[in-house]
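Working notes, beginning with the structure itself.
Proteins get letters first, then strands, A, B, ... in listed order; numbering begins at 1 in each.
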Protein chains: 2
Amino acid sequence: MTEIERFLEDKKVRPTAMRILVYKYMAKRQISVALSDIENAFTKAERTTLYRTLKTFEENGIVHQIDDGTGITKYALCEIGCNCEIEQDLHLHFHCNNCQETVCLTAHKIPHINLPEGYLAKDVNLVVKGLCKNCSN
Amino acid sequence: MTEIERFLEDKKVRPTAMRILVYKYMAKRQISVALSDIENAFTKAERTTLYRTLKTFEENGIVHQIDDGTGITKYALCEIGCNCEIEQDLHLHFHCNNCQETVCLTAHKIPHINLPEGYLAKDVNLVVKGLCKNCSN
DNA sequence: TAATAAATGCACTTCCCTTGCATTAAATAA
DNA sequence: TTATTTAATGCAAGGGAAGTGCATTTATTA
């Protein structure tokens with residue numbers, strides 16, 4: 001049993017061939033991926049299967065969704081200590097207007113936001129857009 | 001000529017009947033609206049016309065889009081001093097998980113975000129989700 | 001090996017955004 | 001005022017992504 005298989009089982013996800021492939025793909029690409037990215041990477045895979053794979057991963061704390069404002073749902077592997085399951089996932093995301101890629105800036109926590117009287121915060125989403133490291137030169 | 005007509009002309013937008021109605025509707029509702037909201041409010045209006053009305057408004061600095069993470073584009077009237085045309089629109093938005101409404105918290109500016117070396121910020125989108133004033137009791 | 005449960009594949013639906021094009025209305029020129 | 005041009009509207013259709021139902025295949029466990 002490989003390390004990935006062990007990891008998936010640990011997360012209560014049955015390590016099927018497809019799931020292992022998807023996991024490997026996401027691990028290899030450091031950035032967040034869209035469903036269509038994976039679809040293009042594995043041409044013979046069914047979109048629905050991939051869709052449900054990501055859903056399963058999400059439900060079991062393996063990936064989290066990112067809304068980067070492009071209108072397309074992105075997914076990123078949870079890193080160690082990722083708190084996405086519990087209420088607030090406070091790291092911010094950066095979307096590059098040039099290469100269209102979105103990265104989790106895990107180390108950058110979202111500062112505390114003061115809200116007007118009566119407002120109750122449950123979740124915060126912060127997306128910065130601009131040029132990434134590779135595109136800003 | 002009414003005040004609204006004068007305002008629209010000032011923004012280089014021809015004050016047609018439809019546009020005046022849409023403007024009034026948005027001014028009456030303090031929250032941001034989706035295309036479908038307006039569609040429902042004026043049953044006899046064409047969806048495309050409303051869509052293009054909002055687009056025209058946006059291009060001329062009358063409204064700005066809000067991405068509140070629901071996947072549905074919202075629009076809000078620009079207030080005096082709204083900087084949405086120039087690069088950064090730095091106020092934050094609040095989306096209520098209960099009543100599904102999104103408001104601009106114009107007075108609440110987004111704090112400065114420190115990015116890693118090499119990253120260049122052009123735009124920032126901050127959405128807080130939770131319970132609004134009316135729903136938190 | 002049989003029975004059960006989970007994962008996959010295919011077809012189809014829905015929702016929202018967007019565009020093309022003909023038609024109607026308004027603005028400007030003659 | 002009428003003719004010409006330009007802008008706005010209405011209708012139809014397209015496209016992309018998310019999501020669901022159900023039959024089939026694969027894996028698990030009794």
Side-chain angles (χ1 to χ4, degrees), chain A residues 1-2 4-6 8-25 32-60 62-76 95 100 102, chain B residues 1-2 4-6 8-25 32-60 62-76 95 100 102:
Chain A
M1 193 187 273
T2 70
I4 292 176
E5 287 178 81
R6 237 177 291 118
L8 292 178
E9 294 222 323
D10 205 53
K11 294 285 189 178
K12 313 275 183 239
V13 171
R14 298 224 307 236
T16 66
M18 199 69 245
R19 288 172 176 172
I20 292 169
L21 280 174
V22 170
Y23 186 88
K24 278 186 183 168
Y25 175 77
S32 60
V33 299
L35 179 54
S36 59
D37 292 332
I38 309 180
E39 217 181 329
N40 294 332
F42 309 111
T43 41
K44 54 188 166 186
E46 244 313 288
R47 198 183 58 78
T48 317
T49 305
L50 297 173
Y51 170 74
R52 285 197 257 241
T53 296
L54 289 171
K55 202 174 173 186
T56 304
F57 279 8
E58 192 192 357
E59 286 164 358
N60 293 280
I62 296 170
V63 305
H64 59 259
Q65 281 196 18
I66 298 171
D67 167 26
D68 63 6
T70 59
I72 295 160
T73 306
K74 302 285 174 61
Y75 299 85
H95 177 75
Q100 303 297 324
T102 302
Chain B
M1 195 187 271
T2 70
I4 293 176
E5 286 178 83
R6 237 178 289 120
L8 292 178
E9 294 222 324
D10 206 54
K11 294 285 189 178
K12 313 274 183 241
V13 171
R14 298 226 302 240
T16 67
M18 200 69 246
R19 288 172 176 172
I20 293 169
L21 280 175
V22 170
Y23 186 88
K24 279 185 183 169
Y25 174 78
S32 60
V33 298
L35 179 54
S36 59
D37 293 331
I38 309 181
E39 218 182 328
N40 294 332
F42 309 111
T43 42
K44 54 188 166 186
E46 243 314 287
R47 180 190 172 66
T48 317
T49 305
L50 297 174
Y51 170 74
R52 284 198 259 241
T53 297
L54 289 171
K55 203 173 172 185
T56 303
F57 279 8
E58 192 192 357
E59 286 164 358
N60 292 280
I62 297 170
V63 305
H64 58 260
Q65 281 195 19
I66 299 171
D67 167 25
D68 63 6
T70 59
I72 295 159
T73 306
K74 302 285 173 64
Y75 299 85
H95 178 75
Q100 302 299 324
T102 302

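Regarding A:Glu46, its CD atom lies at a distance of 16 Å from the P atom of D:dA17, rounded to whole Å. With rounding to whole Å, B:Lys44 atom NZ is found 15 Å from D:dT9 atom P. Rounded to an integer number of Å, the gap from B:Asp67 CG to D:dA17 P is 16 Å. Put simply, CG on A:Asp37 is 10 Å from P on D:dA17, counting in whole angstrom units. The distance between atom NZ of B:Lys74 and atom P of C:dC15, rounded to the nearest whole Å, is 16 Å. Between B:Phe57 atom CZ and D:dA8 atom P the separation is 11 Å, expressed in whole Å. Look at CD on A:Glu39: it is 15 Å from P on C:dT8, rounded to the nearest Å. Between the P atom of D:dG16 and the CD1 atom of A:Ile72 lies a distance of 11 Å, rounded to the nearest Å.
Listed by chain and residue number, B:Lys55 satisfy the side chain to side chain contact (heavy atoms under 4.5 Å, CB included) test with B:Glu59 (two or more places apart in sequence, or in another chain).
Listed nucleotides: D:dT9, D:dG10, D:dA7. Nearest to the side chain of B:Met18: D:dT9. Listed candidates were C:dC16, D:dT9, C:dA26. Nearest to the side chain of B:Thr16 is D:dT9.
Counting any heavy atom pair closer than 4.0 Å across all strands shown, A:Thr73 reaches sugar-phosphate atoms only and no base atom. Residue contacts shown for B:Thr56 are absent, as no nucleic acid heavy atom lies under 4.0 Å away.
The side chain of A:Lys12 contributes no N or O atom lying less than 4.0 Å from OP1 or OP2 of C:dA6. At D:dA8, one or more side-chain N or O atoms of B:Arg19 fall inside 4.0 Å of OP1 or OP2 (strictly under the cut-off).
The NZ atom of A:Lys11 sits 11.5 Å away from the CZ atom of A:Phe57 when rounded to the nearest 0.5 Å. Separating the NZ atom in B:Lys24 from the CD1 atom in B:Ile20 is a distance of 7.0 Å, to the nearest 0.5 Å. Taking NE2 of B:His95 as the reference point, atom CD of B:Gln100 lies at 4.5 Å (rounded to 0.5 Å). For the atom pair CG (B:Leu35) and OG1 (B:Thr48), the distance works out to 9.0 Å, reported to the nearest 0.5 Å.
Residues B:Ala45 and A:Lys55 each lie close to DNA chain D; by heavy-atom proximity, the contact nearer the 5' end of the strand is made by B:Ala45.
Of all the heavy atoms in B:Tyr25 and B:Val33, the pair that sits closest is CE2-CG1, 3.9 Å.
Listed in residue order, the members of residues 47-54 of chain A having a heavy atom less than 4.0 Å from DNA chain C are A:Thr48, A:Thr49, A:Arg52.
Side-chain atoms of B:Arg19 and B:Ile4, non-hydrogen and from C-beta on, never get closer than 4.5 Å to each other.
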